[in-house]
Amino acid sequence: MAEYQHWKHLFKLDPNKELSDEALEAICESGTDAIIVGGTDGVTLDNTLQLLVRIRRYAVPCVLEVSNIDAITPGFDYFFIPTVLNSQKIEWITGQHHAALKEYGAIMNWDEVIPEGYCVLNPEAKVAQLTDAVCDLDTEDVLAYARMAEHMYKLPIFYLEYSGTYGDPNIVKQVSSVLEQTRLVYGGGIETRAQAEEMAAYADTIVVGNVIYHNLQEAIKTVQAVKGDLLS
Ligand SMILES: CC(C)=CCC/C(C)=C/CC/C(C)=C/CC/C(C)=C/CC/C(C)=C/CC/C(C)=C/CC/C(C)=C/COP(=O)(O)OP(=O)(O)O
Ligand SMILES: O=P(O)(O)OC[C@@H](O)CO
Ligand SMILES: [Mg+2]
């Protein structure tokens, strides 16, 4: 199995947000499996490179989640490529991807490029608004996207994205029950150890983002919730 398929806990750092050196050290040395660098807006080549260089002082693996063709740079362990399955705009499903492959297709190392099927469920999130995602979905709708990701498109990752708000653990549980090969990644609103434990009971991988910027101590505890036995 590729390394990323073992990951249970990820921190997502936004290149468009400030983070002190002390906070970055705490995140990188927390025992998390990897750092994702990514965000919906304000991601540039400059702020991506600046964050990459700072993270590379530590041994933790580092992934670029591509949201902007102009910010792609070598130096990451993996490149996660979102496609928003419930977007109503072709550019966020295949359009930008097509443009990127025209530029980079011939020189890509496909072992490092990992497609993610996103299902965005918080209509207030910037990612929902940017991509014009249809978020008013019931459980059957979400399960259909999960099955589409695994069986039609053979995507290695299905990402249940509630960015900015804590999601419905029952939906995460039901999605986990229909996926076999495709990894289930959950992200959104995890702010406490208990929430991390709850979502990690069903998702293969949990992603913790915004709480890093307003409650670092609680953010660090989410690692212990998932990997406590390995850290002690
Ligand atoms: C030279 C070199 C190293 C080449 C490497 C090869 C390579 C990686 C080539 C690229 C191949 C490729 C197919 C690229 C795709 C290009 C692209 C721009 C695709 C579109 C991706 C997409 C659907 C973006 C939409 C936004 C999105 C899903 C972003 C992910 C991050 C996210 C969901 C953040 C959520 O936070 P947000 O809602 O913004 O909330 P806050 O910021 O408020 O926290
Ligand atoms: O920022 P939060 O709400 O923790 O969400 C994490 C991640 O899923 C965002 O893409
Ligand atoms: Mg964020």
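When a residue number appears, it is its place in the shown sequence, counting from 1. All of these numbers come straight from a predicted model, not from anything done at the bench. What you see below is based on every heavy atom in this structure, not just the backbone, and it leaves out hydrogens, waters and symmetry mates.
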Identify the two heavy atoms, one from [X] and one from [Y], that lie closest to each other, and give their separation to 0.1 Å.
X    : Y    : value
T48  : F76  : CG2-CZ, 3.9 Å
A100 : I69  : N-CD1, 3.9 Å
F158 : A149 : CD1-CB, 3.6 Å
V120 : A128 : CG1-CB, 3.6 Å
V43  : P15  : CG1-CG, 4.1 Å
P123 : Q129 : O-NE2, 3.3 Å

Pairing of R193 and E197 as salt bridge, 4.0 angstrom limit | yes
[X] side chain vs [Y] backbone, donor-acceptor pair below 3.5 Å:
X    : Y    : value
Y213 : D14  : yes
T222 : A219 : yes
T182 : P156 : no
Q5   : A2   : yes
Q195 : E191 : yes
S87  : A133 : no
Q174 : L143 : no

Sequence neighbours left out, cut at 3.5 Å: what donor-acceptor pairs do the side chains of residues 33-41 make with other protein atoms?
| unit_1 | atom_1 | unit_2 | atom_2 | d |
| --- | --- | --- | --- | --- |
| D33 | OD1 | K227 | NZ | 2.6 |
| D33 | OD2 | K8 | N | 2.7 |
| D33 | OD2 | H9 | N | 3.0 |
| D33 | OD2 | K227 | NZ | 3.4 |
| D41 | OD1 | K126 | NZ | 3.0 |

Once rounded to the nearest 0.5 Å, what's the spacing between atom [atom1] of [X] and atom [atom2] of [Y]?
X   : Y    : atom1 : atom2 : result
Y58 : E25  : OH    : CD    : 4.0 Å
L51 : D46  : CG    : CG    : 12.5 Å
W7  : I157 : CH2   : CD1   : 8.5 Å
N47 : L52  : CG    : CG    : 11.5 Å
L13 : I55  : CG    : CD1   : 5.0 Å
I81 : H97  : CD1   : NE2   : 7.0 Å

For H98, does the NE2 atom sit with more than 12 other heavy atoms under 6.0 Å from it, leaving out its own atoms?
-> no
Linking I/L/V/M/F/W/Y whenever any side-chain heavy atoms sit under 4.5 Å apart, do [X] and [Y] land together?
X    : Y    : result
V226 : I27  : yes
L24  : L64  : yes
L137 : V84  : no
F11  : I190 : yes
F79  : Y159 : no

Taking C-beta and beyond as the side chain, do [X] and [Y] meet within less than 4.5 Å on heavy atoms?
X    : Y    : result
Y162 : D168 : yes
E150 : L155 : no
V66  : F80  : no
V60  : T32  : yes
M199 : Y166 : yes
V142 : L121 : yes
L85  : C119 : no
Y153 : T83  : no

Sequence neighbours excluded, which residues qualify as salt bridge (Lys or Arg N to Asp or Glu O under 4.0 Å) partners of [X]?
X    : result
R183 : none
E218 : K221
R54  : D21
R56  : D77

Kindly list each side-chain donor-acceptor pair under 3.5 angstrom involving residues 103-114, sequence neighbours excluded, with atom names and distances?
| unit_1 | atom_1 | unit_2 | atom_2 | d |
| --- | --- | --- | --- | --- |
| N109 | OD1 | D111 | N | 3.0 |
| N109 | ND2 | E112 | OE2 | 3.3 |

Give every donor-acceptor pair under 3.5 Å between a side-chain atom in residues 89-96 and any protein atom, sequence neighbours left out.
| unit_1 | atom_1 | unit_2 | atom_2 | d |
| --- | --- | --- | --- | --- |
| E91 | OE1 | Q96 | NE2 | 3.4 |
| W92 | NE1 | L130 | O | 3.4 |

Is there any side-chain hydrogen bond (donor to acceptor under 3.5 Å, both in side chains) pair reaching into residues 132-145, and which pairs are they, with sequence neighbours excluded?
-> Q88-D132
Only counting residues at least two apart or in another chain, list the ones meeting side-chain hydrogen bond (donor to acceptor under 3.5 Å, both in side chains) with [X].
X    : value
Y186 : none
E65  : K12, Y118
T73  : none
N122 : none

Of T205, V208, V223, I206, the one forming a side-chain contact (heavy atoms from CB on, under 4.5 Å) with L10 is T205
